[in-house]
2 protein chains.
Amino acid sequence: MPDDVVGLDACATRVIDEPRVEAARAQLLPEDELNDLAQLFRLLGDATRARLLYALLEAGELCVCDLSAATGTPETNVSHALRLLRTAGIVKARRSGRMMFYSLDDAHVRMLLDISREHLRHAKGRHL
Amino acid sequence: MPDDVVGLDACATRVIDEPRVEAARAQLLPEDELNDLAQLFRLLGDATRARLLYALLEAGELCVCDLSAATGTPETNVSHALRLLRTAGIVKARRSGRMMFYSLDDAHVRMLLDISREHLRHAKGRHL
DNA sequence: CTGATATCTGATTATATGTTCAGATATCAA
DNA sequence: TTGATATCTGAACATATAATCAGATATCAG
């Protein structure tokens with residue numbers, strides 16, 4: 001059989017740069033890590049959640065009703081959104097009486113929010 | 001009318017920490033910026049696209065068929081994915097003969113990928 | 001206890017989007 | 001030119017998920 005045909009996990013595709021492909025394959029992230037990473041980004045990739053996160057980035061800590069007021073998001077939506085973010089370890093909650101105060105739970109996420117905002121500013125106008 | 005009821009864009013929600021809410025509102029990102037940010041994260045938030053991006057992060061530059069081979073993704077999917085990423089300015093393309101070589105187009109995105117991977121490592125095991 | 005408030009939850013619906021397939025385009029070799 | 005190859009495109013389908021609504025839980029005041 002020809003040696004330029006791959007028979008592993010891919011379909012029979014011709015490979016142009018064999019060593020580079022091998023290197024890339026060797027460093028592929030494990031499936032579960034990749035899914036976790038994708039999930040992290042997906043959670044940041046919704047306007048409603050992003051609004052909440054940037055509000056928390058600025059305000060530090062806010063209760064559900066204040067988050068609702070500050071972002072103009074119905075409280076139910078805020079609650080649903082925060083549950084997803086909390087389960088993923090992106091925000092943390094602190095109870096005080098009948099209120100729950102939320103804040104960002106991770107320095108890396110804070111960095112992601114910052115850098116992405118910066119990216120946007122720099123990327124503006126570069127592409128058609 | 002009572003002064004603890006908000007009547008601007010939100011529904012009539014009671015506000016707990018008025019000044020903090022005002023501050024958060026004043027610093028809210030404009031809608032279009034927020035949509036762009038959410039779109040950026042959403043594009044990173046898919047396992048197939050993330051696989052391709054991390055492959056490019058490691059390999060530097062790969063053509064479609066090599067990306068397909070390296071990640072085990074059908075070439076059609078690779079092409080669809082790369083179009084979205086290219087339109088958003090996340091990857092750039094270089095033609096060489098009948099092949100197209102793709103690579104990451106933005107230092108910030110590279111940072112996002114790095115930091116998120118780091119986040120994952122550190123966050124592993126912290127939450128239930 | 002009862003009532004009021006803040007938040008949460010589950011189910012439904014509507015929308016968005018990743019995947020697949022068939023075929024189109026573009027480049028090169030002969 | 002013709003044929004082969006690499007990539008792209010559009011449409012149909014299937015799945016995921018955000019928004020909405022009704023009602024549940026939890027905390028506190030009286």
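Both backbone and side-chain heavy atoms feed into the values below; hydrogens, waters and symmetry mates do not. Here is the naming used below: chain letters follow the sequence lines, and residue numbers restart at 1 for every chain.
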Student: To the nearest 10°, give me the bend of the helix from C:dC1-D:dG30 to C:dA30-D:dT1, comparing the axes of its five terminal pairs at either end.
Tutor: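 Answer rounded to 10°: the end axes differ by 30°.
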
Student: Can you list the residues that meet the side-chain contact (heavy atoms from CB on, under 4.5 Å) rule with B:Pro30, with sequence neighbours excluded?
Tutor: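 B:Pro30 satisfies side-chain contact (heavy atoms from CB on, under 4.5 Å) with B:Asp32, B:Glu33 only.
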
Student: Has B:Arg49 got a side-chain atom pairing as donor or acceptor with B:Leu43's backbone, closer than 3.5 angstrom?
Tutor: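 Answer holds: yes.
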
Student: Does B:Val64 reach the side chain of B:Tyr102, with side-chain heavy atoms less than 4.5 Å apart?
Tutor: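 A side-chain contact under 4.5 Å exists here.
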
Student: Once salt bridge (charged side-chain N to carboxylate O under 4.0 Å, His left out) is applied, do any residues pair with B:Asp46, and if so which ones, sequence neighbours excluded?
Tutor: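 If we apply the salt bridge (charged side-chain N to carboxylate O under 4.0 Å, His left out) test to B:Asp46, skipping adjacent residues, there are no hits.
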
Student: For residues 54-65 of chain A, which residue pairs qualify under side-chain hydrogen bond (donor to acceptor under 3.5 Å, both in side chains), counting only residues two or more places apart or in two chains?
Tutor: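 Listed by first then second residue: A:Tyr54-A:Ser116, A:Glu58-A:Arg117, A:Glu61-A:Arg94.
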
Student: For A:Ala23, enumerate each residue passing the side-chain contact (heavy atoms from CB on, under 4.5 Å) test, keeping only those at least two apart in sequence or located in another chain.
Tutor: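 With sequence neighbours excluded, A:Ala23 shows a side-chain contact (heavy atoms from CB on, under 4.5 Å) to no residue whatsoever.
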
Student: Enumerate the residues from residues 42-58 of chain B whose closest heavy atom to DNA chain C is under 4.0 Å, giving them by residue number; use none for an empty result.
Tutor: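 Residues of residues 42-58 of chain B that come under 4.0 Å of DNA chain C are, in numerical order, B:Arg42, B:Asp46, B:Thr48, B:Arg49.
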
Student: With sequence neighbours left out, write down each residue that passes salt bridge (charged side-chain N to carboxylate O under 4.0 Å, His left out) with A:Arg51, or none if nothing qualifies.
Tutor: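 B:Glu31.
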
Student: Do the side chains of A:Glu118 and A:Arg121 get close enough for a salt bridge, i.e. N-O under 4.0 angstrom?
Tutor: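 Judged by the 4.0 Å cut-off on N to carboxylate O distance, A:Glu118 and A:Arg121 do not form a salt bridge.
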
Student: What residues, two or more places apart in sequence or in another chain, satisfy side-chain contact (heavy atoms from CB on, under 4.5 Å) together with B:His80?
Tutor: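 If we apply the side-chain contact (heavy atoms from CB on, under 4.5 Å) test to B:His80, skipping adjacent residues, the hits are B:Thr76, B:Arg83.
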
Student: Checking B:Met111 now: which residues fulfil side-chain contact (heavy atoms from CB on, under 4.5 Å) with it, not counting sequence neighbours?
Tutor: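 Residues passing side-chain contact (heavy atoms from CB on, under 4.5 Å) with B:Met111: A:Ile115, B:His108.
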
Student: Could I get a table of every N or O pair under 3.5 Å where one atom is in the protein and the other is in nucleotides 6-10 of chain D?
Tutor:
{"residue": "D:dT7", "atom": "OP1", "partner": "B:Val64", "partner atom": "N", "Å": "3.1"}
{"residue": "D:dT7", "atom": "OP2", "partner": "B:Cys65", "partner atom": "N", "Å": "3.0"}
{"residue": "D:dC8", "atom": "OP1", "partner": "B:Tyr102", "partner atom": "OH", "Å": "2.3"}
{"residue": "D:dC8", "atom": "OP2", "partner": "B:Ser79", "partner atom": "OG", "Å": "2.9"}
{"residue": "D:dC8", "atom": "O5'", "partner": "B:Ser79", "partner atom": "OG", "Å": "3.4"}
{"residue": "D:dG10", "atom": "O6", "partner": "B:His80", "partner atom": "NE2", "Å": "2.7"}

Student: Separation of A:Asn77 atom CG from C:dA14 atom C1', in whole Å?
Tutor: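 Atom CG in A:Asn77 sits about 14 Å away from atom C1' in C:dA14.
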
